[in-house]
Amino acid sequence: MPELPEVETIVQGLNKTILNKKIKQVKIIYPGIVKWKTANFIKETLGQKIKNIKRRGKNILLMLSQDKAILIHLGMSGHIFYTSPHQTLDKHDHIIFRFTSGKKEIRYNDPRKFGKVKLIDLRCCPDLDKLGVEPLEISEKDFVNLMAKRKGRIKSLLLNQKILAGIGNIYADESLFEAKINPLSKIEQISPAKLKDLHRSIKKVLKKAIRAGGSSIRTYTDLSGNTGRFQLSHKVYAREGESCKICDAKIKRIIVNQRSSHYCPKCQKEN
DNA sequence: AGCTCTTCCTGAAAGC
DNA sequence: TGCTTTCAGGAAGAGC
């Protein structure tokens, strides 16, 4: 599941490989991923230069001009590969971008087809406009104020892209463990001091994950097919039944708002 | 407003 | 062994 650190890693990789390259060919094998009329998408992107590559939440933005960009959201199982054109096509390769320079091409691969690719105008783009603040950019004060305005369970809030953009299930669980907050906790019951802990924890976890090249739980890899290393540092995610690395209690998994949540019942007491 | 359920989709894992 | 069922979850939308 590509979340902020994985997407950030991919964006860094793209900046090293396709920056300033001009799109020579766009092959759409499975049009369902492209949320735009196929012919128009090809017409609008052909001949365009990748002027910059940015991340916003879990979205990858291939900037074609000041206002125009190709937006890629990897969904659950989306991959971007930078590979030789001679490489045999995988059955889940859906889109191919070829460039006027360089020997390799970009392939969008997505077994579960939850991802999307579209051409957007940044002056008016609901996909981006609706997103909340970047968790690595928000100040402690703003974070506490943002939380204070909200009700409901802290876990759901962390997953809500309209409030904080980029955190998914892995980093929500890891951040809550780091801050010693139970995923079921109601926001209004969490003290400002604890919210400050959470703010610090989110940044710490995300930064560490970016440095580790993201988490490879099931299928995530970078552009070259290399796995990340942060899964080795996970303290709760996908560790149900295993021992807490701090207190030795057994890690529990529960469902919070349709999402599985992993936590240590001893370190993260409900208040 | 927030919670729950549903849909999209397929590979992996579990169950029989 | 091999078939069938369940589960995983990012995001959106419906209904409460």
Side-chain angles (χ1 to χ4, degrees), chain A residues 1-10 29-36 55-61 71-80 89-95 108-118 120 125-132 134-135 145-176 182-190 206 209 214-221 225 227-228 231 234 236-242 251-263:
Chain A
M1 305 117 254
E3 304 177 24
L4 188 153
E6 290 77 32
V7 175
E8 183 66 33
T9 303
I10 292 167
I29 300 158
Y30 175 80
I33 298 294
V34 183
K35 308 298 177 190
W36 185 275
R55 178 189 62 73
R56 176 76 175 100
K58 300 175 192 170
N59 298 278
I60 298 164
L61 299 174
L71 178 150
I72 303 174
H73 191 296
L74 298 168
M76 287 290 304
S77 57
H79 285 79
I80 293 178
L89 213 60
D90 181 83
K91 68 173 180 175
H92 302 303
D93 283 339
H94 303 312
I95 304 167
Y108 179 85
N109 179 291
D110 190 354
R112 293 185 210 173
K113 302 191 178 86
F114 277 16
K116 64 182 174 191
V117 174
K118 54 160 78 169
I120 58 160
C125 176
D127 294 82
L128 300 179
D129 297 344
K130 71 187 173 197
L131 289 178
E134 286 291 326
N145 289 338
L146 187 67
M147 297 290 121
K149 277 191 285 192
R150 292 277 161 177
K151 290 181 176 179
R153 299 207 163 105
I154 187 66
K155 173 65 188 275
S156 325
L157 185 148
L158 292 181
L159 292 180
N160 188 340
Q161 303 301 302
K162 296 184 187 76
I163 299 163
L164 282 172
I167 299 176
N169 216 23
I170 296 174
Y171 298 102
D173 283 2
E174 292 298 322
S175 299
L176 287 173
N182 188 290
L184 288 168
S185 296
K186 295 277 177 65
I187 297 144
E188 56 269 38
Q189 291 166 352
I190 303 174
L206 291 177
S215 303
S216 294
I217 285 289
R218 283 181 186 80
T219 59
Y220 168 75
T221 65
T227 54
Q231 68 280 5
H234 287 180
V236 287
Y237 190 83
R239 294 193 68 242
E240 184 185 12
E242 294 176 35
I251 301 301
K252 281 184 82 172
R253 185 173 75 93
I254 56 170
I255 302 295
V256 182
N257 294 6
Q258 322 302 120
R259 294 278 172 263
S260 62
S261 289
H262 312 74
Y263 72 105

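Everything numeric here is computed off the predicted structure, so don't read it as measured data. Lettering of chains follows the sequences in order, A, B, ..., and the numbering in each one begins at 1.
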Partners meeting side chain to side chain contact (heavy atoms under 4.5 Å, CB included) with A:E8 (sequence neighbours left out): A:Q12, A:R55, A:I210
On the six-membered ring of A:Y263, is A:K252 placed so that its NZ or CZ lies under 6.0 angstrom from the centre and within 45° of the ring axis? no
Sugar-phosphate, base or nothing in reach of A:S260, heavy atoms under 4.0 Å: sugar-phosphate
Is it the case that the side chains of A:E6 and A:Y171 hold a donor-acceptor pair, with the cut-off being a distance below 3.5 Å and no angle test? yes
Within the 4.0 Å heavy-atom criterion, would you say A:G152 contacts the bases, only the backbone, or no part of the nucleic acid? sugar-phosphate
Rounded to whole Å, how long is the line connecting atom CG of A:N59 with atom P of C:dG10? 14 Å
Considering only NZ, NE, NH1 and NH2 on the basic side and carboxylate oxygens on the acidic side, decide whether A:R56 and A:D127 come within less than 4.0 Å. no
Kindly calculate the angle separating the two end axes of the helix from B:dG2-C:dC16 to B:dC16-C:dG2, each obtained from five base pairs, and round it to 10 degrees. 50°
Supply the atom-to-atom distance A:L61 CG to A:L71 CG, rounded to the nearest 0.5 angstrom. 5.5 Å
Classify the nucleic acid contact of A:K149 as base, sugar-phosphate or nothing, counting any heavy atom under 4.0 Å across all strands shown. nothing
If you assign A:R150 and A:Y30 each to the DNA chain B nucleotide with the nearest heavy atom, which residue ends up on the more 5' nucleotide? A:R150
Between A:F114 and C:dA11, do the rings stack, that is, sit under 5.5 Å apart with planes less than 30° off each other? no
Short heteroatom pairs, N/O only, protein and nucleotides 14-16 of chain C, under 3.5 Å:
none

List for me each residue that meets side chain to side chain contact (heavy atoms under 4.5 Å, CB included) alongside A:N145, sequence neighbours excluded, and say none if there are none. A:K141
Residues forming a side chain to side chain contact (heavy atoms under 4.5 Å, CB included) with A:P135, sequence neighbours excluded: A:L4, A:L164, A:I167, A:I202, A:L206
Of all residues at least two apart in sequence or in a different chain, which pass the ring pair (Phe, Tyr, Trp, His ring centres under 6.0 Å) check with A:Y108? none
Rounded off to whole Å, could you give me the CZ-to-P distance for the A:R56 and C:dA11 pair? 12 Å
Could you tell me the separation between the CD atom of A:E3 and the C1' atom of C:dA11, rounded to a whole number of Å? 13 Å
5′-ward residue of the pair A:R153/A:R259 relative to DNA chain B: A:R153
Could you state the interatomic distance from CZ (A:R153) to NZ (A:K186), rounded to the nearest 0.5 Å? 5.5 Å
Could you give the CD1-to-C1' distance, from A:I167 to C:dG9, as a whole number of Å? 16 Å
A:I29 meets the side chain to side chain contact (heavy atoms under 4.5 Å, CB included) criterion, sequence neighbours left out, with A:L89, A:I96
Residue pairs passing the salt bridge (Lys or Arg N to Asp or Glu O under 4.0 Å) test where at least one lies in residues 254-263 of chain A, sequence neighbours excluded: none
Could you state the atom-to-atom distance from CD1 of A:I72 to P of C:dG10 in whole Å? 19 Å
Contacted region of DNA chain B by chain A, from 5' end to 3' end of the hits, cut-off under 4.0 Å to heavy atoms, spans B:dG2 to B:dG11
Say you draw a straight line from CZ of A:R150 to CD1 of A:I187; how long is it, rounded to the nearest 0.5 Å? 8.0 Å
Can you tell me how far C1' of C:dA11 sits from CZ of A:R112, to the nearest Å? 14 Å
Contact list please: residues 158-166 of chain A against DNA chain C, heavy atoms, distance less than 4.0 Å, in numerical order. A:Q161
Quick one: salt bridge (Lys or Arg N to Asp or Glu O under 4.0 Å) partners of A:D90, sequence neighbours excluded? none
Give every residue pair that meets the side-chain hydrogen bond (donor to acceptor under 3.5 Å, both in side chains) criterion with at least one member in residues 155-167 of chain A, sequence neighbours excluded. A:K155-A:N169, A:K155-A:D173, A:K155-A:S261, A:S156-A:N257
For the pair made of NZ in A:K35 and P in C:dG10, what is the distance, rounded to whole Å? 17 Å
Interatomic distance, A:M76 CE vs C:dA11 C1' [rounded to whole Å]: 11 Å
